[in-house]
There are 2 protein chains.
Amino acid sequence: MEKNTTDKRIHILDAAEQLFAEKGFDGTSVRDIAGQANVNLAMISYYFGSKEKLLVSLIEHRSGYTRGILEELSKDESLSPFDKIDRLVDLYVDKILNNSRFHCIVTTHLPTMQSEEIKDMMTSIKIGNLEQIKKIILDGQKKKVFRKVDIELTVASVMGTITQVTSSKALYHKIFNIEKNIDELYNKKMIPKLKSHLKQMLKAHLDIKNQE
Amino acid sequence: MEKNTTDKRIHILDAAEQLFAEKGFDGTSVRDIAGQANVNLAMISYYFGSKEKLLVSLIEHRSGYTRGILEELSKDESLSPFDKIDRLVDLYVDKILNNSRFHCIVTTHLPTMQSEEIKDMMTSIKIGNLEQIKKIILDGQKKKVFRKVDIELTVASVMGTITQVTSSKALYHKIFNIEKNIDELYNKKMIPKLKSHLKQMLKAHLDIKNQE
DNA sequence: AATAATAAATTAAACGTTTGTTTAAAACAA
DNA sequence: TTGTTTTAAACAAACGTTTAATTTATTATT
């Protein structure tokens with residue numbers, strides 16, 4: 001049985017993540033969270049201070065490790081530019097689809113939040129990651145492997161595609177005839193589809209042989 | 001001076017649209033809306049019945065006309081498959097960026113809503129539109145102009161890219177050095193960029209000459 | 001055209017809930 | 001005994017909605 005402080009904190013964070021993703025930050029009451037986590041209402045203020053600070057804690061709890069992986073990838077000289085793109089696709093598809101609830105909160109509910117602090121935090125993380133990806137594409141162009149493209153919008157297409165598939169699950173459940181409400185099954189079917197689509201599209205889009 | 005019933009209804013709808021997009025459905029109170037629209041609080045219940053029915057009215061107010069245009073486009077025999085794709089890109093980029101507030105509500109706040117009725121309504125609209133686009137791509141494939149691609153995910157990439165650019169305005173303001181908070185300027189700069197990026201990418205992605 | 005009768009629009013105030021947060025006492029651990 | 005964790009109860013504020021009274025607009029009658 002989990003009885004120590006850390007476990008209870010994580011219990012609350014998990015409950016909050018699920019409910020924020022399903023019903024939004026404003027659509028979720030602290031009583032909902034307490035009920036879902038099976039803790040007393042007052043424990044949330046006790047541990048996190050407030051509902052908003054709980055969200056900040058959740059972001060800190062889930063964020064962070066992507067940056068390091070990206071830097072490593074962009075520096076790696078043993079990989080060809082196209083290999084790097086493939087790795088990039090694998091990385092983001094896996095990361096986002098396996099953390100779809102958190103990603104849903106970040107993409108759909110954070111922009112609406114009042115707190116400028118939280119929004120600025122996320123913006124700078126995104127810009128940092130974009131810079132790393134930019135390096136990869138610029139390197140491919142310098143090596144005459146990639147053609148001239150709008151780098152920022154190319155990255156927007158990758159992120160946008162994944163986000164689209166993640167945040168419109170109900171739609172793609174119907175389209176691809178996947179049994180409803182089984183996340184694991186959805187991921188098992190969609191992750192390979194999504195990876196191969198993005199790789200195929202980026203291959204054609206970036207290949208210097210397709211220069212107009 | 002506008003004094004009749006219809007104008008006041010539209011006033012309220014506009015105010016609601018703005019606030020729902022900025023702060024979300026649950027983050028917006030009917031008092032906020034009344035204040036923004038400069039009407040008495042009770043007028044919202046009087047005209048629309050409830051806050052949720054106000055949202056339904058907003059959706060009905062803004063939805064609809066896309067379907068017809070898409071059907072026409074897919075039937076048009078005077079256009080080549082690639083011309084149709086270009087028209088499609090123009091249509092969606094213009095439509096979404098010029099109605100970004102409403103689009104923001106649809107993509108980020110509707111999926112969170114409790115009301116299954118509203119969600120089903122939007123899902124069936126999306127599936128209907130997807131079917132029309134599917135026809136266009138299938139036709140291009142039959143004519144040996146397009147190669148084999150995942151059609152659903154290709155459409156997801158188009159929608160996802162546009163949504164990404166629309167719903168992360170703050171980010172792209174910084175990235176492209178656009179003066180803050182001027183929607184008109186943002187659209188003027190982004191619409192052509194977005195259109196040419198999508199056309200270029202889809203050209204490479206769909207072209208049968210790029211078959212692996 | 002003026003008046004009376006009816007309907008529609010608008011208002012301020014109040015309704016009962018639910019909200020996030022705090023309190024002060026109790027239970028538990030060190 | 002000390003300090004930490006947990007609890008039920010209470011708090012004021014904000015929420016969506018309704019009420020009942022009043023003003024404005026429309027229609028019918030003289």
Side-chain angles (χ1 to χ4, degrees), chain A residues 1-59 61 105 109-110 112-118, chain B residues 1-59 61 105 109-110 112-118:
Chain A
M1 277 288 130
E2 65 275 304
K3 278 283 169 185
N4 71 71
T5 297
T6 318
D7 281 342
K8 194 162 257 180
R9 271 182 62 99
I10 291 176
H11 232 132
I12 295 171
L13 286 171
D14 284 342
E17 181 179 56
Q18 182 184 330
L19 293 171
F20 287 164
E22 278 173 19
K23 317 201 292 171
F25 181 79
D26 290 311
T28 303
S29 70
V30 294
R31 284 170 181 79
D32 288 337
I33 300 169
Q36 177 82 17
N38 265 311
V39 299
N40 187 279
L41 170 64
M43 296 310 292
I44 288 164
S45 291
Y46 179 75
Y47 277 123
F48 300 96
S50 70
K51 188 185 170 188
E52 182 152 322
K53 285 179 188 165
L54 167 61
L55 176 61
V56 175
S57 295
L58 176 61
I59 295 170
H61 177 60
I105 297 170
H109 300 297
L110 283 195
T112 317
M113 291 271 322
Q114 311 288 23
S115 161
E116 293 294 328
E117 181 210 347
I118 297 179
Chain B
M1 275 293 126
E2 66 276 305
K3 278 282 169 187
N4 71 71
T5 299
T6 318
D7 281 342
K8 194 160 256 182
R9 270 182 62 98
I10 291 175
H11 231 128
I12 294 171
L13 286 171
D14 285 341
E17 181 179 57
Q18 183 185 329
L19 293 172
F20 288 164
E22 278 173 18
K23 317 200 292 171
F25 181 80
D26 290 310
T28 304
S29 70
V30 294
R31 283 168 182 82
D32 287 338
I33 300 168
Q36 177 81 17
N38 264 311
V39 300
N40 186 280
L41 170 65
M43 296 309 292
I44 288 164
S45 291
Y46 179 74
Y47 278 124
F48 300 96
S50 70
K51 188 186 172 190
E52 180 151 323
K53 284 179 189 166
L54 167 60
L55 176 61
V56 174
S57 295
L58 176 61
I59 295 171
H61 177 60
I105 296 171
H109 299 297
L110 284 195
T112 319
M113 291 269 321
Q114 312 288 22
S115 161
E116 294 295 328
E117 181 210 348
I118 297 179

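Heavy-atom basis, side chains included; hydrogens, waters and symmetry copies ignored. Letters A, B, ... mirror the listed sequences (proteins, then strands); counts begin at 1.
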Under 3.5 Å, side-chain donor or acceptor atoms of residues 51-58 of chain B against the rest of the protein: list the pairs with distances, not counting sequence neighbours.
from: B/K51; atom 1: NZ; to: B/F25; atom 2: O; distance (Å): 2.9
from: B/K51; atom 1: NZ; to: B/T28; atom 2: O; distance (Å): 2.7
from: B/S57; atom 1: OG; to: B/K53; atom 2: O; distance (Å): 3.0

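Inter-residue side-chain proximity for B/I105 and B/E17 is flagged as met; some heavy-atom pair is nearer than 4.5 Å. Side-chain atoms of A/Y46 and A/N40, non-hydrogen and from C-beta on, never get closer than 4.5 Å to each other. The shortest distance between side-chain heavy atoms of A/K8 and A/Y47 falls below 4.5 Å.
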How would DNA chain C look in dot-bracket form, 5' to 3', counting Watson-Crick and G-U wobble pairs with both distances under 3.5 Å and writing | for bases paired to another strand? ||||||||||||||||||||||||||||..

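Phosphate proximity of D/dT6 to A/Y47: present, with a side-chain N or O under 4.0 Å from OP1 or OP2. In terms of phosphate contacts, A/Y46 brings a side-chain nitrogen or oxygen within less than 4.0 Å of OP1 or OP2 of D/dT5. Phosphate proximity of D/dC15 to B/K51: absent, as no side-chain N or O sits under 4.0 Å from OP1 or OP2.
Shown for residues 26-42 of chain B: residues whose heavy atoms fall under 4.0 angstrom of DNA chain C, namely B/R31, B/N40, B/A42.
What separates CD1 of A/I44 from P of C/dT21 is a distance of 10 Å, to the nearest Å. Per the geometry, NE2 belonging to B/H11 stands 17 Å off P belonging to C/dA9, to the nearest Å. The separation between B/F25 atom CZ and D/dC15 atom P is 13 Å, rounded to whole Å. Atom CG of A/L54 and atom C1' of C/dT19 are 16 Å apart (whole Å). With rounding to whole Å, B/M43 atom CE is found 17 Å from C/dA13 atom P. In this structure, A/L55 places its CG atom 13 Å from P of C/dG20, rounding to the nearest Å. When the P atom of D/dA25 is taken as reference, atom NZ of B/K8 falls 11 Å away, rounded to whole Å.
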Encode nucleotides 24-30 of chain C as B, S and - characters from 5' to 3', where the letter depends on protein heavy atoms closer than 4.0 Å: B to the base, S only to sugar-phosphate, - to neither. -------

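B/Q18 pairs by the side-chain hydrogen bond (donor to acceptor under 3.5 Å, both in side chains) definition with B/E22, B/Q36, not counting sequence neighbours. Remark: A/D32 engages A/K23, A/S29 in a side-chain hydrogen bond (donor to acceptor under 3.5 Å, both in side chains) (not counting sequence neighbours). In this structure A/S50 satisfies the side-chain hydrogen bond (donor to acceptor under 3.5 Å, both in side chains) test with no other residue, sequence neighbours excluded.
In terms of heavy atoms, A/L41 sits closest to A/A34 at CA-CB, 3.8 Å. Of all non-hydrogen atoms in B/A37 and B/I12, the two that sit nearest each other are CB-CA, 4.0 Å.
Expressed to the nearest 0.5 Å, how far CD1 of A/I33 lies from CG of A/D14 amounts to 12.0 Å.
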